[in-house]
Amino acid sequence: MSAETPAKKELTAVKGTHDILPGEVEVWQKVETVAARLFESYGYRELRAPVIEHTELFEKGTGETTDIVTKEMYTFVDKGGRSITLRPEYTPSVARAIVEHRLDLLGLPMRYYYIGPMFRYDKPQKGRYRQFHQMDVEVFNEKDPAVDAEIIEMADALLRTLGVTQTETLINSVGCRACRPAYSQALREAAGLVRDRLCPDCRRKIETNPLRIFDCKVEGCREAARSFPKISEFLCPECRDHFAGVRAALDLYGLRYKVDPNMVRGLDYYTKTTFEVIALGGGQQNAVLGGGRYDDMMKDFGGPDICGIGFALGVERLVAMLALAPEPRKSLYVVHMGDKARAEAIRLARMFRRAGVETLIEYAGRGFKAQFSRANKLGAAWVLIIGDDELAKGFFKLKDMAAGTQIEGAPDALLAVIKEKQ
RNA sequence: GUGAGUGUAGCUCAACCGGUUAGAGCAUCGGACUGUGGAUCCGAAGGUUGGGGGUUCAAGUCCCCUCACUCACCCCA
């Protein structure tokens, strides 16, 4: 081991990844426990799928034409020659697990949630990282539009529970395989007519993904897009009824939302309902969560014909919106003087820890003054004092650092005092 | 992948027109102070000025390359 020569800044976190340090990690823990409890109250169960999957899963599930698959995946060949990918999203993994384990035959509600890291080889910027974390929620085999509304309401409930208010909920219907092709065609024709007024990017989108023209921020394109046909005019009766059902159920909840016919999502597999919650104000990466229905994915996997709906929430983006004060922790610091006292300190610390008290022992062997200074710096609520006098009596002193008061007693009695105020 | 901005101590920042050994505050550690914290005073440690190359008698400062970060495009959580 090299005692000196601390490594210079050659060893850094990989681009686009971040350490979540103590101080911030408490916020994450809070978010995770609140979310898990809430999801379970809606009948969801945690399903932990692997971080790595066969590359093919995402090619088929996420879609070969999506940006995620064409240029953002962390893919490598393992030592067995398999093409493996660090998951860029979670939904395909759940669908795979259902097919693999035939979870659809258990007769249980197919409601799953998961919290964990995802990986996309993007260029990092505010709110966008290469390793980021999502809370993912999926419901399968429920086609009633009230379920769409319920899941949106649950997302809203999560944000409200965490004290997030500056958001807007957007919903849309992107139709299904019966009605969307006609709409895409109509859109291509409309866009083709004003081709010379569109930016180069959008001219390309006419062929590749005409819905995305609505996303463009160039004013000329926005202006042109206003005259384009709306998806609502093209929905088949089934999709139209479904969307009306979603809105009716949302109204039942009294939830505020905005129908945004221009909202398109980047994943190919969505059908009917899509939705997004965006943060008001702030940067450009403002989608806190997004999701929708995907009625064809399972079938496309060669599995049973089971519909699905879900959303993914970006934990980094959520945490950035929170202003949670850390909960004060009350800890004990054990100071001591002399070899025997040190041994007693170690013994008593174990006792207090087993009783559930956060306890640290002074190991630097400094004078009492320095030890108290240390305790103060660490923000200890109490200091347990062990010196020759205390050892002789079997009675120890306990100082309340905030009050500055000090009591004396046997370890059990002192523990009782701490537990009372903990 | 494209574009712009920024890189000086752990953090926040100085350093004149290119000119001696790159400074300060905060934080850290030690001492004053071996039976009691916060205050004060004293001191120490901490830097290849992101890295490499170039111009110059001389570069933290100017030029080029590169890396990282930030922001935006694209896309998305």
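First the proteins, then the strands, lettered A, B, ... as listed; each starts at 1. This is a predicted model, so every value here is computed, not measured.
B:U36 atom C1' lies 18 Å from atom CH2 of A:Trp382, rounded to whole Å. Note: CD (A:Gln125) to P (B:G3) measures 15 Å, nearest angstrom. Rounded to an integer number of Å, the gap from A:Ile68 CD1 to B:C74 C1' is 13 Å. In this structure, A:Glu362 places its CD atom 14 Å from P of B:G37, rounding to the nearest Å. Counting to the nearest Å, the C1' atom of B:G37 and the CZ atom of A:Phe368 are 13 Å from each other. Going from atom CZ of A:Arg128 over to atom C1' of B:C74 covers 7 Å, rounded to whole Å. Between A:Arg366 atom CZ and B:U28 atom C1' there is a gap of 12 Å when expressed in whole angstrom units. Atom pair A:Asn286:CG and B:C71:C1' shows a separation of 15 Å (rounding to whole Å applied).
Residue-to-nucleotide contacts include no donor-acceptor pair under 3.5 Å from the side chain of A:Gln371 to the base of B:U36.
The separation of B:C41 from B:A59, taken at their P atoms, amounts to 40 Å, rounded to a whole angstrom. Comparing the C1' positions of B:U21 and B:A15 gives an interatomic distance of 14 Å, to the nearest angstrom. Taking the P atom of each, B:G18 and B:A27 are spaced 36 Å apart, rounded to whole Å. Of the C1' atoms belonging to B:C71 and B:G31, the separation is 47 Å, rounded to the nearest Å. For B:A24 and B:C42, the P atoms lie 13 Å apart once the distance is rounded to whole Å. B:C16 sits 29 Å from B:C69 when the P atoms are compared, rounded to a whole Å. The P atoms of B:C29 and B:C13 are separated by 24 Å, rounded to the nearest whole Å. B:U49 sits 12 Å from B:U8 when the P atoms are compared, rounded to a whole Å.
Nucleic acid contact for A:Glu390: base, since at least one base atom lies under 4.0 Å from a heavy atom of the residue. Residue contacts for A:Gly16: at a heavy-atom cut-off of 4.0 Å it reaches the sugar-phosphate backbone alone, with no base atom in range. Nucleic acid contact for A:Glu316: none, since no nucleic acid atom lies under 4.0 Å from a heavy atom of the residue. Among the heavy atoms of the strands lying under 4.0 Å from A:Arg120 is at least one base atom, whether or not backbone atoms are also near. Here A:Lys15 lies in heavy-atom contact (under 4.0 Å) with sugar-phosphate atoms only. Among the atoms of the strands shown, only primed sugar atoms or phosphate atoms (P, OP1, OP2) are found under 4.0 Å from some heavy atom of A:Val288. As judged by a 4.0 angstrom heavy-atom cut-off over every strand, A:Gly387 is placed among the base-contacting residues. A:Tyr129 comes within 4.0 angstrom of a base, heavy atoms only.
When every heavy atom of A:Pro229 is checked against every heavy atom of A:Tyr183, the shortest pair comes out as O-OH, 3.0 Å. Nearest approach of A:Tyr114 to A:Leu47, heavy atoms of both residues: CD1-O, 3.3 Å. Residue A:Ser93 comes nearest to A:Glu53 through the heavy atom pair OG-OE2, 2.9 Å, listed as atom of the first residue, atom of the second, then distance.
Each of B:C74, B:C29, B:A77 was ranked by its minimum atom distance to the side chain of A:Ala287; first place goes to B:A77. The A:Lys126 side chain lies nearest to B:C71 when the options are B:C71, B:U34, B:U36.
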Show which side-chain atoms of residues 402-416 of chain A pair as donor or acceptor with protein atoms under 3.5 Å away, not counting sequence neighbours.
from: A:Glu408; atom 1: OE2; to: A:Lys393; atom 2: NZ; distance (Å): 2.8

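Heavy-atom nearest nucleotides on RNA chain B were determined for A:Ile385 and for A:His18, and the one closer to the 5' end corresponds to A:Ile385. Taking the nucleotide of RNA chain B with the nearest heavy atom to each of A:Ala13 and A:Lys123, the more 5' of the two is matched to A:Lys123.
Under 4.0 Å is where a charged nitrogen must lie from a carboxylate oxygen, and between A:Asp148 and A:Arg293 at least one such pair does. A:Arg177 has a carboxylate O that lies under 4.0 Å from a charged side-chain N of A:Asp300, or vice versa, which qualifies the two as a salt bridge. A salt bridge links A:Lys71 with A:Asp67; the closest basic N to acidic carboxylate O contact falls under 4.0 Å. For the pair A:Arg347 and A:Glu344, the salt-bridge criterion is met [side-chain N within less than 4.0 Å of a carboxylate O]. The pair A:Arg329-A:Glu358 meets the salt-bridge criterion, with a side-chain N (NZ, NE, NH1 or NH2) lying under 4.0 Å from an Asp/Glu carboxylate O. Using a cutoff of 4.0 Å between basic side-chain nitrogens and carboxylate oxygens, A:Asp339 and A:Arg342 are not scored as salt-bridged.
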Give every pair of a protein N or O atom and an N or O atom of nucleotides 38-46 of chain B that lie under 3.5 Å apart, one pair per line with the distance.
from: B:G38; atom 1: O4'; to: A:Asn376; atom 2: ND2; distance (Å): 3.0

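For the atom pair CD of A:Glu46 and CZ of A:Arg48, the computed distance is 4.0 Å after rounding to the nearest 0.5 Å.
In secondary-structure terms, RNA chain B builds stems of at least 3 consecutive Watson-Crick or G-U pairs, each pair having both distances under 3.5 Å, at B:1-7 with B:67-73, B:10-13 with B:23-26, B:28-32 with B:40-44, B:50-54 with B:62-66.
The backbone N or O of A:Lys123 sits less than 3.5 Å from a side-chain atom of A:Arg128, completing a donor-acceptor pair.
With its ring centre under 5.5 Å from that of the base six-membered ring and a plane angle below 30°, A:Phe372 counts as stacked on B:U36.
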